[in-house]
Amino acid sequence: AEDTINWSVHVDLTGPASYGGIPQGDGFKSYVEWKNSNGGIRGRQIDLQIHDTTFKPDVAVATYKKALAGGRVDYVFGDSTTMIQAISPENNATQKILTGGGSFASELADKENYPFYFVAGATYGNQLELLVDYVAQSAGKDAKLAIMHSSISLGRDGIEQAKARAEKHGIEVVLVQQTKFVETDVSAFALAIRQAQPTHVLVHGYSFAVWPEVIRLVRDYGMDDTEFMGSMWQNEYEKVLELTDIAEGLVGINVFNVNSKTSDGEMMKVITDIHEARDPNFSGFVRLGFLDAWMNAMMATKAFEMVIDEGKETTGVNLAAAMASIKDWDTGGMVGAPVTMTGQQVGLGQVIRWGKVDGNWAPVPVTDWMKVN
Amino acid sequence: MAYFLEYSAVGIAAGGVYALIALGIVVIFKSSQTFNFAAGEMMTMSAYMFYTAAVTFSFGIYLGLIAALVGSVLVALVIERFALRPMAGRPYIAIVMVTFGIGSIMRGIMAMIWGANELQIPAILARDPVWIGELFIPGKTARAFAIAVIIVLSLITFLRYSRAGVALRAAAADQITAYSMGIDVRKIVAFAWGIAAITGGISGILMANVNSLTPHLGVVALNVLSVVILGGMNSIGGVLVAGLIIGWLEAVTGLFLGTEFREITPYILVLLVLLFRPTGLFGGKEVERI
Amino acid sequence: MAAALEIQNLEVVYQGVIQALAGISLQVPEGSIVALLGANGAGKTTTLKAISGFLPLENGRVTSGSIRIGGDNIAKLAPHTIVRRGTFHVREGRHVFTDMTVEENLVASTFAQRSPRSRKEAFDEVYTFFPILSQRRHQPAGFLSGGEQQMLAIGRALVADPKIILLDEPSLGLAPLIVKDIFEIIARINREKKVSMLLVEQNASIALKYASYGYVLETGRVALEGTTSDLGKNDDIQKLYLGVDTDEIA
Amino acid sequence: MAHSTATTAPASRPSASRGLYWNATFLALLLVLPFIAPRYWIYFACIFGINVIATHGLNIMMGYTGLLSLGHAAFLGVGAYTTALLQIHLGLPVYITLPLAGLAAAVIGIGFGLPSLRIRGLYLVIATLAAQFILQFVFIHWESVTNGDVGLTVTPPEVFGIALNTEERMFYLILFVAVLSTLFAVNVIKSRVGRAFIAIRERDLTAEVLGVEIVWYKLVSFALGSFYAGVAGGLLVYFNHTVNPEQFGLMQSVFFLSAVIIGGMGSTLGAILGALFMTLMPEALSQSVLGVGDLLAIDTASFLVPLRETIFGFLMVAFLIFEPRGIAHIWARIRQKYLQRNAAQ
Amino acid sequence: MLHVDDIQLSFGGVNALSGVSVHAEAQEITAVIGPNGAGKTSLFNVISGFYKPQKGKVVLDGQDISGLKPAARAYCGMSRTFQNIALFHGMNVLDNVKLGAHTKLKSGVLSAGFRLPMTRREERDLGHEIEKDIIGLLELDHVAHTPVEDLSYGLQKRVELARALVMKPKILLLDEPVAGMNREEKREMSRFVLDVRRNWQTTVLLIEHDMSMVMEISDKVVVLSFGKPIASGTPEEIRTNPEVINAYLGVGDEDTASSEAAE
Ligand SMILES: Nc1ncnc2c1ncn2[C@@H]1O[C@H](COP(=O)(O)OP(=O)(O)OP(=O)(O)O)[C@@H](O)[C@H]1O
Ligand SMILES: Nc1ncnc2c1ncn2[C@@H]1O[C@H](COP(=O)(O)OP(=O)(O)OP(=O)(O)O)[C@@H](O)[C@H]1O
Ligand SMILES: [Mg+2]
Ligand SMILES: [Mg+2]
């Protein structure tokens with residue numbers, strides 16, 4: 001309708017990425033319910049449409065076209081790099097709709113080619129850089145870095161950046177190896193790590209296959225001190241809990257605060273309330289997909305509010321300009337530092353290490369929230 | 001050099017599971033000229049059933065294993081009875097597509113029952129490493145290899161020394177004629193599917209033990225296709241050798257070329273072999289006269 | 001004498017519409033050879049398929065009538081059960097397993113073997129009847145010449161030790177000498193092993209010679225029947241099947 | 001009757017003029033479609049058109065010549081990358097890039113076809129699967145040319161000075177190419193070449209003794225099928241504005257296989273109907289069976305939507321079992337009934 | 001016309017043909033007979049290029065065609081039928097027959113795809129020719145549009161013959177053309193073969209176990225046994241040749257070989 005703000009959200013509810021896509025959908029739905037019941041965006045209700053992409057680019061684009069055919073769309077959320085790539089040329093030229101997405105792909109943080117797209121955290125490349133920075137900090141030049149990544153496109157994203165960063169710090173990269181997303185047997189990869197004898201292993205682009213067993217094998221080889229580090233999606237709390245034999249000391253990176261109970265801020269309270277209403281024993285750990293969606297929704301809301309407050313029309317061009325100008329924005333606890341949008345991304349991250357806190361597994365911060373550069 | 005040997009050993013050991021998966025495909029092919037593209041899904045489903053039995057219903061490992069295999073066989077029999085039996089005598093292209101369709105059905109059903117989550121299944125293989133002289137072989141890999149090879153070898157022996165091998169081939173070659181010679185084709189084909197369900201089930205569970213259990217477990221079956229072809233579609237012994245070759249090749253490819261090439265070297269090898277032997281390393285020549 | 005095989009009012013339909021047999025009745029007395037003659041498409045093969053239970057596999061159906069073997073109605077049995085009970089069908093067109101060796105072809109037939117004699121014994125018998133098969137025993141059957149394949153097809157029947165053999169055009173593609181040999185062998189099997197035979201044959205003269213009784217089918221019906229000596233004297237038979245006037249061709 | 005498109009049965013001759021009439025009406029309808037149909041339809045019509053071209057290609061190879069291919073999508077990829085590269089680096093216009101895209105795919109197709117000539121049946125399936133994986137590997141890893149996972153971006157093509165920057169405009173280009181390739185396929189099939197294809201599919205050795213140079217015709221079939229794929233790939237880039245490796249995965253190859261089979265192998269009409277079915281079915285399933293849009297109770301969605309995959313599988317299996325000659329055969333039956341009824345009146 | 005010289009062909013240990021020479025004179029019908037497995041079909045396969053003999057050569061019309069591939073030999077005007085019916089399913093009778101004219105037509109993919117005038121003319125002429133010379137002669141008009149797999153055995157054999165004839169071959173190889181037919185049908189087929197020879201001056205090579213046909217229509221008979229030629233001559237000479245009787249015909253062959261003896 002005319003006075004609503006129309007959001008079209010395209011996530012994978014059923015395909016290979018549905019483990020992340022379903023909580024994304026849930027996150028948007030929860031956010032919009034909450035926001036609408038609190039008066040909407042400056043009095044305008046959000047109309048949310050969720051579409052299943054099945055993680056196939058063509059299906060994703062088809063659902064997007066369908067959404068466009070259904071009437072005015074003010075904001076689009078796309079689940080994958082490919083989808084954003086596919087819709088952007090036309091969007092840049094004609095529709096000009098503000099866009100967000102589940103993709104943290106490095107190439108999307110690009111004002112020239114993706115002026116309407118904003119990354120709701122730090123890109124994968126930047127995440128890996130932060131981790132390499134951490135290696136430099138904690139081990140200095142003696143560190144030897146190995147990188148293991150999956151062959152899906154996400155897994156290959158950012159590897160070059162990580163290597164460059166290591167070189168800058170004077171850290172030797174002793175091994176880069178690519179695996180499939182799942183493998184029958186991972187011994188050969190563990191063997192390669194043994195052969196290379198790294199002090200740190202950077203793992204990227206997996207869900208929960210391949211790397212846990214590699215860690216176990218590397219430990220079997222007697223390399224107890226080698227530190228394993230993973231990018232953001234490898235920090236899913238309920239998964240780490242299943243891997244407690246290797247969780248100790250696992251280093252990861254947060255682009256959101258993942259525990260809504262231990263983080264201060266009104267947004268985190270809202271999220272806690274929503275989860276506690278569903279499950280009284282809620283641990284505080286929120287699904288990453290949920291947080292991703294929530295963060296995107298907040299960013300979009302922020303842009304709409306800025307434009308409306310300035311009395312301008314909520315066109316994509318205005319919204320994108322507003323989004324790009326966000327400065328020192330308090331996200332209510334979602335991120336541990338005020339957000340200033342630079343280079344089309346929030347660009348903040350914090351290195352954590354898994355360990356026991358009061359007898360419970362938790363990600364313990366080892367650095368402050370850092371701005372990427 | 002020491003590393004080369006170690007890589008080779010580990011690779012060959014990994015190849016055991018390939019051979020086991022491939023065996024299921026070949027047995028079905030031998031019985032009914034059906035190339036089963038749903039093998040990956042069948043494997044995955046077995047692993048899920050194992051999870052449900054062993055973890056959800058707390059049957060424990062052994063009972064869970066039995067329950068999972070029984071379940072797998074039942075699923076296989078249903079597939080054979082309702083999807084493939086009606087296709088008897090149709091062009092192989094159509095039959096291949098049916099198995100694609102079955103794969104799709106199974107993926108959907110698995111997603112409905114078990115969701116998209118990764119699950120951790122109870123460890124069934126001991127971890128302590130096996131030493132061959134100086135060579136260190138990871139425990140799970142070595143044990144998975146032993147299990148796989150024992151199963152493959154016993155099946156080879158069974159098919160060679162019983163009449164079952166001949167019956168399988170007769171059924172595949174010409175159903176009507178096989179019937180006319182007293183061979184119960186349906187039983188034979190069902191038997192083959194049962195065998196495939198068991199070998200596939202075991203390999204699925206072995207794999208889930210190495211990886212966690214995910215809906216994508218079955219994608220390795222695609223790699224296994226290269227094993228099947230390399231061995232020669234209808235050669236059970238060939239499958240064992242080819243499985244080990246491909247396992248080895250992947251490991252040393254990683255060592256020499258870079259791990260990303262692991263994805264295609266099996267296929268390049270297969271292409272090369274087909275150039276010189278159009279029916280694989282051990283496949284019999286096609287018999288044709290005009 | 002009791003009937004080894006008895007068919008009554010058999011009707012067969014293919015694909016739900018094509019009526020191939022329109023009610024035929026025939027008998028094969030225990031231990032005898034009965035010939036089934038008829039033009040192309042008359043329904044000879046269909047009759048045999050009905051007996052051996054293959055119709056369902058070819059989208060055909062017995063719509064009425066009965067088929068009794070040794071007194072039991074076998075209409076509902078599966079083909080492999082029928083074979084195992086002793087009715088072996090040597091199909092039209094050889095149908096050897098081309099990529100199996102000659103010997104493996106024989107092994108396949110042991111699934112229908114009823115007698116306790118050893119496989120070796122059974123195979124040796126086949127090899128005595130057809131020495132050429134013995135030379136080729138480890139060769140893929142697909143490489144055999146047409147006639148050799150026909151021998152193999154009959155050899156497979158011998159392995160099974162059936163009570164009744166249904167023979168569909170056994171002489172097709174065989175050299176004259178071999179035809180005679182094969183019919184001698186058929187006669188011997190019939191005599192020595194007391195195997196009854198239902199014989200479909202285009203080569204009517206030889207069929208009538210070896211059979212004791214004959215039926216002539218015409219578009220799914222029995223047009224004529226009688227002892228073979230009577231049939232041999234029938235004018236129509238002479239003209240259509242035994243034929244004389246060759247001079248008109250040249 | 002599955003082959004009714006390949007042969008001119010006399011039964012259909014009396015209705016030939018009527019067939020022409022229908023075809024003309026249908027074409028006219030297509031021409032005005034952008035003016036009467038919602039945009040969303042046009043979008044699907046374009047995708048459908050591209051799929052028709054690609055499916056014709058696979059049908060020529062697989063349906064007519066019996067060369068089963070699991071690598072068809074990769075050949076679309078070859079065409080797509082060729083088009084993008086020619087536009088980006090040389091600035092070539094669409095009427096040059098498209099034929100060259102086809103040619104490039106044909107050449108690569110022959111490249112993979114050559115070693116496959118001696119291979120048959122399922123061995124060929126795997127050889128083409130190898131082509132699929134190897135080509136995709138190249139798309140991903142030859143970064144200096146293909147730009148890796150990120151892929152390449154193109155600008156809308158221009159025809160007679162008009163930029164085809166909307167779906168409606170692209171629709172006419174796609175329609176033109178689709179119609180042309182359909183006619184070409186029909187003509188080839190009912191010629192000497194088409195008969196040679198079918199003969200090879202049925203009994204290649206016999207065909208050779210009768211004078212059909214099987215090696216040559218297999219290559220022709222590979223080349224022609226890949227050419228179609230390449231052209232379809234080229235159109236796809238123009239339509240999507242981008243090309244990246246993910247668009248040409250194995251599942252996409254399976255998609256075209258399904259289209260050929262469900263439509264009816266070895267039938268040109270079947271290729272069209274199969275492409276239509278495969279293009280619309282995912283959409284129809286979401287719409288009618290589940291109405292995902294409204295199904296915002298996410299928990300049920302996670303349960304219900306895999307149903308779609310299941311239903312797709314069931315449809316496919318059911319088709320193969322109960323309608324082995326595909327939709328084209330159903331269509332032929334319906335037409336037969338209709339003609340009979342008309343005749344009776 | 002056709003000279004097959006000293007052919008040596010073996011498969012592994014099996015000598016299918018050893019030292020076989022056959023000379024078929026122009027416009028004559030030469031029969032090749034012999035026991036099963038004697039190498040008759042193999043000889044045809046050598047002639048049509050499907051088997052590569054270890055030794056020997058095939059000369060057609062003075063031209064040595066030993067090195068040519070099967071398809072190229074078809075282009076020289078050679079055509080044949082097959083012992084085990086080898087029709088192309090999935091095509092109707094007419095298209096099967098048209099395929100036989102493959103070597104006579106010229107259209108390539110492009111000219112066919114765009115339906116250039118040349119293709120159109122070519123197809124039209126072929127259609128006429130088939131209607132005029134083939135379909136009628138072989139009485140196939142009523143089944144021209146039937147899928148071949150729906151035909152009975154006898155009709156299928158006739159379609160095979162039609163397919164072999166449509167190219168108006170210089171030399172025609174027939175491998176057991178009347179197997180499985182009854183007396184009446186055999187007689188008709190014999191008549192076709194004679195007509196063809198007369199109308200198109202075709203040289204015919206014939207394999208057949210039906211002695212009545214062989215004796216009636218062939219000008220010359222060659223007998224093979226175990227891959228070796230054991231006799232050749234006129235039908236009359238062959239019929240009485242003791243070696244042939246011994247190896248092939250059998251004595252007192254009143255049941256099978258000669259029809260007159262049936263009474
Ligand atoms: N599978 C089938 N489907 C449909 N019709 C069939 C089938 N098999 C046979 N027929 C038809 O049934 C009739 C009888 O065929 P049958 O094969 O029994 O004849 P036959 O007497 O054995 O002839 P021939 O001497 O040619 O072998 C024929 O008209 C034939 O076309
Ligand atoms: N491709 C092959 N591989 C192996 N052996 C073969 C092959 N082709 C033929 N033979 C053998 O060569 C011999 C001659 O076969 P061929 O088919 O020429 O006989 P034929 O004279 O036509 O017999 P028939 O009258 O029975 O058809 C046979 O023993 C056969 O087994
Ligand atoms: Mg018959
Ligand atoms: Mg022969």
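Protein chains get the first letters and strands the later ones, always in sequence-line order, with residue 1 at the start of each.
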- If you tally heavy-atom pairs under 4.5 Å against chain B, which of C/H89, C/Q113, C/R119 wins? C/R119
What is the minimum heavy-atom distance between [X] and [Y], and which atoms define it?
X      : Y      : value
B/A173 : C/F97  : CB-CD2, 3.7 Å
B/I183 : C/R84  : CA-NH2, 4.3 Å
C/F111 : B/A167 : CZ-CB, 3.4 Å

Proximity breakdown for [X] and chain B, heavy-atom pairs closer than 4.5 Å:
X      : answer
C/R114 : neither
C/T110 : both
C/A108 : both

- Take atom CZ of C/R117 as the centre, draw a 6.0 Å sphere, and report whether it contains more than 12 heavy atoms from other residues, nucleotides or ligands. yes
- More than 12 foreign heavy atoms under 6.0 Å from CZ of B/R186: is that the case here? no
- Task: Using heavy atoms and a sub-4.5 Å threshold, report which of residues 48-60 of chain C line up against chain B, by residue number.
- Result: C/F54, C/L57, C/E58
- Message: For the CG atom of C/N105 and the CZ atom of B/R169, what is their distance to the nearest 0.5 Å?
- Response: 9.5 Å
- Query: What distance separates B/K187 NZ from C/H80 NE2, expressed to the nearest 0.5 Å?
  - Reply: 6.0 Å
- Query: For B/I176 and C/R91, what are the C-alpha separation, side-chain angles and deciding distance, and is it a side chain to side chain contact (heavy atoms under 4.5 Å, CB included)?
  - Reply: CA-CA 10 Å; B/I176 297 186; C/R91 294 166 65 213; 3.4 Å; yes
